[in-house]
Amino acid sequence: MPEYKLVISGSRELKGETHVSGGKNTSLAVIPAALLAEYPCQIENLPDIEDIRVLIRILRRLGAKVDWRAEEQQMQVDPGAVTSNTVPFALSQKMRASYYLMGALLGRYGYARVGYPGGCDLGSRPIDQHLKGFRALGAAIREENGMIVLEGRLRGANINFDMVTVGGTINVMLAAVRAEGDTILTNCAREPHIVDTANFLNRIGAHIRGAGTDTIRIRGVDKMRGASYTVIPDQIETGTLMIAAAATRGQVTLRGCIPTHMEALTAKLLEMGVLVTSEDDLIHVQLRQGHRAIRLSTQEYPGFPTDLQQPMSALLTRAVGTSEVIENIFDARFKHLDEMRKMGAKSVINGKIAYIEGVPELHGAPVYAPDLRGGAALVIAGLMANGVTEIYRPDTIARGYEHLESKLNALGGIIRREPVPNGNNNADGI
Ligand code: EPU
């Protein structure tokens with residue numbers, strides 16, 4: 001795709017109804033998990049995002065047959081034809097979730113050779129807990145020319161994670177489902193997509209209990225069948241659209257969501273003066289007047305998600321008063337605030353705390369999307385701002401949001417893609 005920028009005409013209220021897509025982070029775990037099965041799996045409600053396309057390239061490289069029908073949000077994965085256990089660095093570094101190929105291939109074949117994962121630059125993102133779990137299950141791990149090689153016949157074990165890790169919990173669960181005997185994982189992450197991945201694995205024959213609590217018990221099985229499975233809606237897309245609705249002082253209904261997954265965000269929006277109501281799979285968001293500053297601290301689920309900290313801090317730049325945002329999960333997740341200063345936002349960052357002083361208005365400016373959720377935060381800032389905002393390097397947003405611009409445009413936003421001359425996707429042309 002030629003390089004492009006997003007051009008946003010701001011100060012528009014979002015109004016109307018839109019549908020939430022399937023979960024990015026749950027899809028990125030369920031698709032590799034399908035490699036554990038002996039027979040084809042049909043996965044439904046998958047978002048049409050760049051990270052899924054990268055994952056398809058990885059699976060095909062391994063030899064798996066993948067039939068992806070993006071317009072039907074549907075994929076068939078046939079692991080029967082897998083001939084390789086190697087994920088080259090050129091592919092693994094394109095996304096974070098490539099680390100799930102370690103757990104899935106090790107669990108199924110007892111051997112995996114996978115390059116280090118990539119993903120958003122949010123500061124240090126080690127995978128020591130994944131490796132610790134694989135080792136405890138009996139894998140020998142070595143590095144070979146920058147590739148991680150994992151090998152061994154796996155046996156159940158008791159593993160306590162040193163810290164709560166979403167990727168680590170899922171990855172070790174993937175390896176353990178086909179290990180011999182029982183595994184008990186403690187200090188596990190409890191995110192909805194961990195439950196969803198466990199539900200999928202159970203559907204194809206795994207024996208997992210306790211996903212969604214901090215202790216997961218797995219009884220290893222030696223065969224897994226194919227099945228069809230529908231992934232849950234995207235919690236972070238839901239939240240991003242809720243925040244965008246509030247930020248534009250609009251009135252939006254989101255369809256196809258799970259309101260109980262949104263409780264931490266909903267509580268904060270209510271505290272700010274935003275009206276949020278829900279029924280069944282609908283969430284309504286409305287903001288009539290100004291909103292108040294708050295104190296916000298990111299935590300593992302069911303706390304306030306780090307992935308919504310960035311969109312939320314965009315909203316806080318126009319709150320009445322000074323907000324305090326504490327980022328506890330990642331050490332470099334405030335880069336969007338540096339960009340937003342160019343739009344008139346006021347913030348001071350001190351280590352893991354950002355103090356955001358609300359201003360009456362933002363103005364459009366050229367800015368860079370620093371990472372996926374930071375890019376979404378800038379889209380929200382652009383919708384709020386007076387005048388025109390140009391977002392450079394917006395392709396990072398398409399890695400994780402399905403058709404974000406068209407969804408926002410259908411609600412009354414004005415966002416268009418424009419080619420960047422000379423392929424220079426830089427605000428200053430450098
Ligand atoms: N950590 C370690 N060692 C490990 C694993 C994690 O020290 O072995 C630390 C991390 O450095 C971090 C904390 O533990 O400080 C939590 O990291 P976690 O493992 O939970 O994050 P992740 O697996 O790298 C996933 C999501 C992220 C999301 C985080 C937290 C995927 C593909 N990525 O990352 O999603 O922010 O969990 O919920 O599922 C995004 O979607 O924009 C995104 C960044």
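From a predicted model like this one, the values you see are computed outputs, not experimental measurements.
Across L14 and G412, no two heavy atoms sit closer than the pair CD2-C, 4.3 Å. Listed here is the closest heavy atom pair of I218 and L185: CD1-CD1, 4.1 Å. When all heavy atoms of I204 and A227 are compared, the pair lying nearest together is CG2-CB, 3.8 Å. The two atoms that bring S27 and V231 nearest to each other are OG-CG2, 3.7 Å, heavy atoms only. Contact detail for A198 and A211: the closest heavy-atom pair is CB-CB, 3.5 Å. The two residues A246 and L287 make their nearest non-hydrogen contact at O-CD2, 3.2 Å.
When atom types are taken as modelled, the side chain of R142 and the backbone of I148 share no donor-acceptor pair closer than 3.5 angstrom. The main-chain N or O of T230 is never found under 3.5 Å from a side-chain atom of N45 such that the two would form a donor-acceptor pair. Between the side chain of T26 and the backbone N or O of G23, no donor-acceptor pair lies under 3.5 Å. The closest donor-acceptor contact from the side chain of H130 to the backbone of G168 lies under 3.5 Å. Side-chain atoms of E327 come within 3.5 Å of backbone atoms of I329 as a donor-acceptor pair (strictly under, hydrogens ignored). Checking side-chain atoms of R225 against main-chain N and O of E38 turns up no donor-acceptor pair under 3.5 Å. Counting only distance, with no hydrogens or angles, the side chain of N409 and the backbone of I415 share a donor-acceptor pair below 3.5 Å. Distance alone, capped at 3.5 Å, places no donor-acceptor pair between the R399 side chain and the L372 backbone. A distance-only check finds a donor-acceptor pair linking the side chain of D234 to the backbone of K24 [under 3.5 Å]. Looking only at distances, no side-chain donor or acceptor of Q129 sits under 3.5 Å from a matching main-chain atom of F161.
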Carefully, step by step, assess H193 and N25 under the rule side chain to side chain donor-acceptor pair (under 3.5 Å).
-> CA-CA 7 Å; H193 46 291; N25 288 343; 4.5 Å; no
Please lay out, stage by stage, how Q74 and D67 fare under the test side chain to side chain donor-acceptor pair (under 3.5 Å).
-> CA-CA 8 Å; Q74 202 180 69; D67 179 15; over 6 Å; no
Can you check side chain to side chain contact (heavy atoms under 4.5 Å, CB included) on I216 and M173, steps first, answer last?
-> CA-CA 8 Å; I216 298 180; M173 186 166 81; 4.2 Å; yes
Chi angles and distances behind the side chain to side chain contact (heavy atoms under 4.5 Å, CB included) call for I52, W68 = CA-CA 10 Å; I52 298 265; W68 164 231; 4.2 Å; yes
Going through the distances and angles, do I380 and T240 end up as a side chain to side chain contact (heavy atoms under 4.5 Å, CB included)?
-> CA-CA 9 Å; I380 292 171; T240 303; 4.1 Å; yes
Can you check salt bridge (charged side-chain N to carboxylate O under 4.0 Å, His left out) on K94 and D51, steps first, answer last?
-> CA-CA 8 Å; K94 286 188 180 294; D51 272 8; over 6 Å; no
For R416 and E418, what are the C-alpha separation, side-chain angles and deciding distance, and is it a salt bridge (charged side-chain N to carboxylate O under 4.0 Å, His left out)?
-> CA-CA 6 Å; R416 60 181 192 280; E418 276 186 14; 2.9 Å; yes
Check the pair R417 / E405 against salt bridge (charged side-chain N to carboxylate O under 4.0 Å, His left out), numbers first and verdict last.
-> CA-CA 9 Å; R417 289 184 182 201; E405 302 124 69; 2.7 Å; yes
Begin from the C-alpha positions of R341 and D338 and carry the test salt bridge (charged side-chain N to carboxylate O under 4.0 Å, His left out) through to its verdict.
-> CA-CA 5 Å; R341 260 180 235 124; D338 294 332; 2.9 Å; yes
Side chain to side chain contact (heavy atoms under 4.5 Å, CB included) evaluation trace for C257 with L282 = CA-CA 6 Å; C257 20; L282 299 179; 6.0 Å; no
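Test D307, T298, D371 against R333 for side chain to side chain donor-acceptor pair (under 3.5 Å) and you get one pass: D307. For the pairing with T169, the side chain to side chain contact (heavy atoms under 4.5 Å, CB included) check across N187, V164, I194 returns one residue only, I194.
A tilted orientation is assigned to the rings of H336 and F334, their planes being inclined by 30° to 60°.
A donor and an acceptor atom, one from each side chain of E143 and Y116, are located under 3.5 Å apart. Residues S21 and K407 have side chains that bring a donor and an acceptor to within less than 3.5 angstrom of each other. For H284 and S278, the side-chain atoms include no donor-acceptor pair closer than 3.5 Å. Using modelled atom types, one finds a donor on one side chain and an acceptor on the other under 3.5 Å when comparing S297 with Q299. For the residue pair D214/T186, the side-chain donor-acceptor check at 3.5 Å is not satisfied. Of the N and O atoms on the side chains of Y401 and R373, at least one donor lies less than 3.5 Å from an acceptor on the other residue.
Side-chain contact check for L106 versus Y111: every heavy-atom pair is 4.5 Å or farther apart. Using a 4.5 Å cut-off on side-chain heavy atoms (C-beta onward), V77 and K65 make no contact. Side-chain atoms of M102 and I127, non-hydrogen and from C-beta on, do get closer than 4.5 Å to each other. Here the side chains of M75 and Q42 are not in contact, with every heavy-atom distance at 4.5 Å or above. Using a 4.5 Å heavy-atom cutoff, the side chains of S98 and I58 are in contact. Within the 4.5 Å cutoff, no side-chain heavy atoms of N85 are placed close to those of L62. The shortest side-chain heavy-atom distance between L101 and L35 falls under the 4.5 Å cut-off. Annotation: side chain of E324 is not in contact with side chain of I294 (no heavy-atom distance under 4.5 Å).
Geometrically, R125 does not engage Y99 in a cation-pi contact, judged by NZ or CZ lying under 6.0 Å from the ring centre and within 45° of the ring axis. For the pair R393 and Y368, the cation sits on the ring face: its NZ or CZ lies under 6.0 Å from the ring centre, inside 45° of the axis. A cation-pi arrangement is absent between R203 and Y229, since the terminal nitrogen or guanidinium carbon is not both under 6.0 Å from the aromatic centre and inside a 45° cone about the axis.
The number of heavy atoms from other shown groups lying within 6.0 Å of CZ (R217) does not exceed 12. Annotation: R60, atom CZ; neighbour count of heavy atoms from other residues, nucleotides and ligands within 6.0 Å is above 12. Shown here is Y109, whose OH atom has more than 12 heavy atoms of other residues, nucleotides or ligands within 6.0 Å. In the displayed structure, R61 atom CZ is contacted under 6.0 Å by at most 12 heavy atoms of other residues, nucleotides or ligands. For D162, the CG atom counts as densely surrounded, since its 6.0 Å shell holds more than 12 non-hydrogen atoms of other residues, nucleotides or ligands.
The existence of a salt bridge linking E144 and R113 is confirmed by a sub-4.0 Å separation between a basic side-chain nitrogen and an acidic carboxylate oxygen. The existence of a salt bridge linking E17 and R255 is confirmed by a sub-4.0 Å separation between a basic side-chain nitrogen and an acidic carboxylate oxygen.
Once rounded to the nearest 0.5 Å, the distance linking CG of L154 with CZ of R108 reads 13.5 Å. Taking CE from M343 and CG from L337, the interatomic distance works out to 12.0 Å, rounded to the nearest 0.5 Å.
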